[in-house]
Amino acid sequence: GASTVPGTSASIAINPHGDPVLVDSNGTSVATFSPFGKPLGSWGRRGNATGDLGQPVAVGVDGRGNVVVDDAVDDAIEVFSASGRLLRFWYTGSYSPPVSGVPNPMTVDRQGNVYLSDFDKIIKFSPGGVPLRSWGRTGLGPGRFFIAGAVAVDGSGNVYATDVRQNRLQIFSPTGRLLASWTGLSVRGSHFVALGGLTVDPKGNIYVIDGAQLLELAPLAT
């Protein structure tokens, strides 16, 4: 999975081979690199037709290597094969109530389920776009969101999300139960100041951008 936050121009994900997959909202293609930065290939074209890239604001990769793109121009989720063949797409604005706040930070789990941050909640969709569940409500404090930001998911299906207004990092179970809520590195330690991008590695280590720093946090204790 991978995610972005509003205001950033690029999103990055890691495919099952460990290769970074990058999409730039100002560009026209999805590009894959080796872990050492060697270009492995790219595909895509600018446009508004189905399968084109209008404004790709987030990218994720599922366990099969399929690439999932959140396109803000079309309010759509597009799923491509690793080589760029369009497999399916669905519109995020067709629900009632519609998904709002585009561009939406997004991540994808190994099964291809899609998680979108939408202002005060996290919405989980099936690989085909069926809404499965959502959680969160407006407010400050644990379990709530003032402005939901970056979102990530680990191998167990736990969901990690930031709140860019209250600088809070929260972890939820696959069903949306709050597992942890942090505003800093410890009770007496420094507080987060500007939470940005977020990801979780296969071992459960948490990587989050906080201002000009990249923080690595230990896995959630179970």
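For the single chain, residues carry numbers from 1 onward in sequence order. Note that the coordinates shown come from a computational prediction; the quantities given were computed from them, not determined experimentally.
- Only one option out of D52, V68, L53 pairs with E78 in a side-chain contact (heavy atoms from CB on, under 4.5 Å); it is L53.
- The minimum heavy-atom distance linking A150 with G196 is given by the pair CB-O, 3.4 Å.
- Under a 3.5 Å cut-off, the side chain of D154 and the backbone N or O of G157 do form a donor-acceptor pair.
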Stepwise side chain to side chain contact (heavy atoms under 4.5 Å, CB included) check, Y160 with I206: CA-CA 9 Å; Y160 301 67; I206 306 162; 3.6 Å; yes
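- Side-chain contact between L179 and F172: absent, with no pair of heavy atoms (C-beta onward) separated by less than 4.5 Å.
- Follow the hydrophobic side-chain contacts under 4.5 Å out from Y207 and you never reach L215; the two are in separate clusters.
- Side-chain atoms of L116 and I122, non-hydrogen and from C-beta on, never get closer than 4.5 Å to each other.
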Could you go through N205 and L217, starting from their C-alpha distance and side-chain angles, then the distance that decides it, and tell me whether this counts as side chain to side chain contact (heavy atoms under 4.5 Å, CB included)? CA-CA 6 Å; N205 297 304; L217 308 179; over 6 Å; no
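- Going from atom CG of D210 over to atom OG of S190 covers 7.5 Å, rounded to the nearest 0.5 Å.
- The line from CG of N113 to NZ of K124 is 4.5 Å long, rounded to the nearest 0.5 Å.
- Of all the heavy atoms in L22 and I12, the pair that sits closest is CD1-CB, 4.2 Å.
- When all heavy atoms are compared, the tightest approach of P174 to N158 is CD-OD1, 3.4 Å.
- At least one donor-acceptor pair under 3.5 Å links the side chain of D71 to the backbone N or O of Q55.
- The minimum heavy-atom distance between P35 and G18, with the atom names listed, is CG-O, 3.5 Å.
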Show which side-chain atoms of residues 125-149 pair as donor or acceptor with protein atoms under 3.5 Å away, not counting sequence neighbours.
from	atom 1	to	atom 2	distance (Å)
S126	OG	G128	N	3.3
S126	OG	G129	N	3.4
S126	OG	V130	N	3.0
T138	OG1	D120	OD2	2.6

If you apply the rule side chain to side chain contact (heavy atoms under 4.5 Å, CB included), what do you find for R88 with L86, and how did you get there? CA-CA 6 Å; R88 58 186 176 272; L86 181 67; over 6 Å; no
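- Between atom OG1 of residue T32 and atom CG of residue D19 there is a gap of 7.0 Å, rounded to the nearest 0.5 Å.
- Not a single donor-acceptor pair under 3.5 Å links the side chain of S29 to the backbone N or O of S42.
- Under the 3.5 Å distance criterion, with hydrogens and angles disregarded, a donor-acceptor pair is assigned to the side chains of R168 and Q166.
- Expressed to the nearest 0.5 Å, how far CG of L185 lies from CZ of F192 amounts to 5.5 Å.
- Taking W43 as the reference, V30, V67, F80 meet the side-chain contact (heavy atoms from CB on, under 4.5 Å) condition, with sequence neighbours excluded.
- In the hydrophobic cluster analysis, where Ile, Leu, Val, Met, Phe, Trp and Tyr join through side-chain heavy atoms closer than 4.5 angstrom, V164 is grouped apart from I209.
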Residues 57-66 side chain polar contacts: donor-acceptor under 3.5 Å, at least two apart:
from	atom 1	to	atom 2	distance (Å)
D62	OD1	R64	N	2.9
D62	OD1	G65	N	3.1
D62	OD1	N66	N	2.9
D62	OD2	N66	ND2	3.3

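- How far CG of L198 is from CG of L169: 6.0 Å, rounded to the nearest 0.5 Å.
- In this structure, OG in S156 is found 11.5 Å from CG in D109, a value given to the nearest 0.5 Å.
- In this structure, V159 is a member of the same hydrophobic cluster as L178, with clusters built from ILVMFWY side-chain heavy atoms closer than 4.5 Å.
- Remark: side-chain polar atoms of T162 are not paired, donor with acceptor, to backbone N or O of L195 under 3.5 angstrom.
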Does the side chain to side chain contact (heavy atoms under 4.5 Å, CB included) test come out yes or no for V69 and M106, once each step is laid out? CA-CA 9 Å; V69 176; M106 179 202 73; over 6 Å; no
